[in-house]
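One structure below.
Heads up: numbering here begins at 1 and tracks the sequence.
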Amino acid sequence: MESNSCWHTRLLPNAAGVRMANTAQAFGQEALDFIEDLDRLSSADAVAEAMIGVVARFGFEGLIIAGLRPEPGQGFEDLVLAAKCPADFRAVYESRDYIRFDPNVRRALRSIHPFEWSTSDYGEEAGPRVAEIMRFLADFGYLRGFVVPIRGPFGYEAGVWMAGAKLDLTTKTKPSIHLMALYAFERLRQLALAEFEEKPPLTGREREVLAWSAEGKSASEIGEILSVAKRTVDEHTQTAMRKLGAANRTQAVAIAIRHRLFEI
């Protein structure tokens with residue numbers, strides 16, 4: 001792995017251990033262990049199994065990682081990259097073409113930020129098809145959920161959908177789930193690629209900014225650490241996001257971790 005000497009020189013002795021500890025504090029050690037384990041998996045089903053295994057402790061019972069915008073002639077199953085949910089759930093969702101009416105799919109297409117949902121959010125006033133979908137979800141015990149929208153360099157639109165009856169989500173656990181979902185998608189995308197992906201050409205300072213972001217530091221805090229203006233940090237972050245094809249800072253961190261652009 002290429003060394004990041006430009007920022008290693010700014011770290012105190014035993015910095016690797018400190019950086020790992022700080023990153024674990026920001027995203028959770030479980031998230032970091034998950035990322036490390038995911039790189040050893042070689043199939044989409046194994047990735048889905050690992051993802052549902054780690055998020056089950058938050059109450060999630062169903063998982064779907066799929067595209068969100070079907071082309072003419074495409075159905076839901078054509079867009080699924082990996083899933084862990086009952087086969088009859090997927091069959092009915094496909095046969096009734098729910099993907100074109102699901103309000104959470106529509107919301108994910110408009111958003112770059114993860115969001116929670118509940119079947120109670122949508123009543124009969126939302127329309128007969130939406131109410132039908134909510135009843136369908138409830139029948140399978142999917143009363144609440146969490147969706148992580150995905151954006152990419154070529155405008156692809158996908159999402160990681162997780163659901164269960166009772167969820168245990170907090171402001172501290174959501175960033176970890178967000179990062180794990182993004183990384184699971186990135187791993188699936190990596191497995192699907194036929195050609196070798198070259199490492200994105202980030203500058204040393206761009207890597208440095210993402211490394212501190214991985215520790216949960218804000219742009220202002222990073223500016224103080226690096227003795228630069230917050231505006232400069234924001235510029236480096238935006239440039240890194242553009243090079244990596246990321247829609248937000250967390251996704252940029254996930255992609256950078258996958259490419260081993262900095263140590264964690």
Side-chain angles (χ1 to χ4, degrees), residues 27-28 30-56 58 60 62-70 74 76-85 90 99 102 104-105 107-117 145-163 169 173-197 199-200 210 213-214 240-261 264:
F27 286 103
E30 188 172 31
L32 299 183
D33 291 341
F34 171 78
I35 286 172
E36 184 176 351
D37 291 342
L38 216 61
D39 284 335
R40 303 188 184 100
L41 304 180
S42 58
S43 71
D45 189 63
V47 171
E49 189 73 43
M51 184 66 186
I52 195 63
V54 76
V55 300
F58 303 107
F60 295 112
L63 166 74
I64 297 174
I65 304 175
L68 300 176
R69 193 186 294 276
Q74 278 189 321
F76 168 68
E77 286 296 325
D78 295 320
L79 302 178
V80 174
L81 299 175
K84 281 296 172 182
C85 58
R90 293 173 59 174
I99 191 171
D102 193 326
N104 292 314
V105 171
R107 182 176 175 183
L109 288 170
R110 297 192 304 266
S111 175
I112 62 173
H113 302 294
F115 60 87
E116 289 184 69
W117 59 266
F146 189 66
V147 176
V148 177
I150 307 287
R151 297 290 184 274
F154 305 110
Y156 61 79
E157 295 163 319
V160 180
W161 178 93
M162 295 161 277
L169 300 178
T173 59
K174 288 178 187 178
S176 296
I177 298 171
H178 184 193
L179 182 66
M180 288 188 290
L182 289 172
Y183 200 86
F185 175 82
E186 287 296 329
R187 181 57 179 155
L188 289 170
R189 185 169 171 267
Q190 185 181 44
L191 290 172
L193 288 177
E195 299 180 357
F196 176 77
E197 272 191 315
K199 184 177 293 187
L210 290 182
S213 296
M241 288 168 51
R242 185 167 58 253
K243 289 180 178 179
L244 296 173
N248 53 52
R249 190 172 67 164
T250 301
Q251 187 177 12
V253 168
I255 297 172
I257 290 174
R258 172 165 67 86
H259 285 285
R260 298 294 190 266
L261 298 183
I264 58 173

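- For the pair P114/K174, no side-chain contact is recorded, criterion being any heavy-atom separation below 4.5 Å from C-beta on.
- Side chain of D45 to backbone of A82: no donor-acceptor contact under 3.5 angstrom is found.
- Of the inter-residue distances, the one linking L188 atom CG with I65 atom CD1 reads 5.0 Å to the nearest 0.5 angstrom.
- When every heavy atom of A252 is checked against every heavy atom of A246, the shortest pair comes out as N-CB, 3.5 Å.
- Between R189 atom CZ and I255 atom CD1 the span is 7.0 Å, to the nearest 0.5 Å.
- Distance check: Y183 OH to M51 CE gives 13.0 Å after rounding to the nearest 0.5 Å.
- Minimum interatomic distance between A181 and M162 (heavy atoms only, all atoms of both residues): CB-CE, 4.4 Å.
- Closest of all the heavy-atom pairs between A158 and F185 is CB-CE1, 3.7 Å.
- Across every non-hydrogen atom of G67 and I99, the tightest pair is O-CD1, 3.9 Å.
- Using a 4.5 Å heavy-atom cutoff, the side chains of L63 and V55 are not in contact.
- Here L109 contributes atom CG and R69 contributes atom CZ; the two are 5.0 Å apart, rounded to the nearest 0.5 Å.
- To the nearest 0.5 angstrom, L169 atom CG is 8.0 Å from F58 atom CZ.
- Between L210 and A256, the shortest heavy-atom contact is CD1-CB, 3.9 Å.
- When all heavy atoms of E186 and Q251 are compared, the pair lying nearest together is OE2-NE2, 4.2 Å.
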*Report the C-alpha separation of V54 and D37 in whole Å, then their side-chain angles, then the decisive distance to 0.1 Å, and conclude whether the side chain to side chain contact (heavy atoms under 4.5 Å, CB included) test is met.*
CA-CA 11 Å; V54 76; D37 291 342; over 6 Å; no
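- Between F146 and F60, the two ring planes are tilted [angle within 30° to 60°].
- Atom CH2 of W161 sits about 8.5 Å away from atom CG of D102, to the nearest 0.5 Å.
- Residues K84 and E49 form a side-chain contact, since some pair of their non-hydrogen atoms from C-beta on lies under 4.5 Å apart.
- Just one residue in the list V47, L182, I35 forms a side chain to side chain contact (heavy atoms under 4.5 Å, CB included) with R187, and that residue is V47.
- You'll find the side chain of E157 stays beyond 4.5 Å of the side chain of I150, heavy atoms only.
- The shortest side-chain heavy-atom distance between S213 and V253 falls under the 4.5 Å cut-off.
- Side-chain atoms of P175 and T250, non-hydrogen and from C-beta on, never get closer than 4.5 Å to each other.
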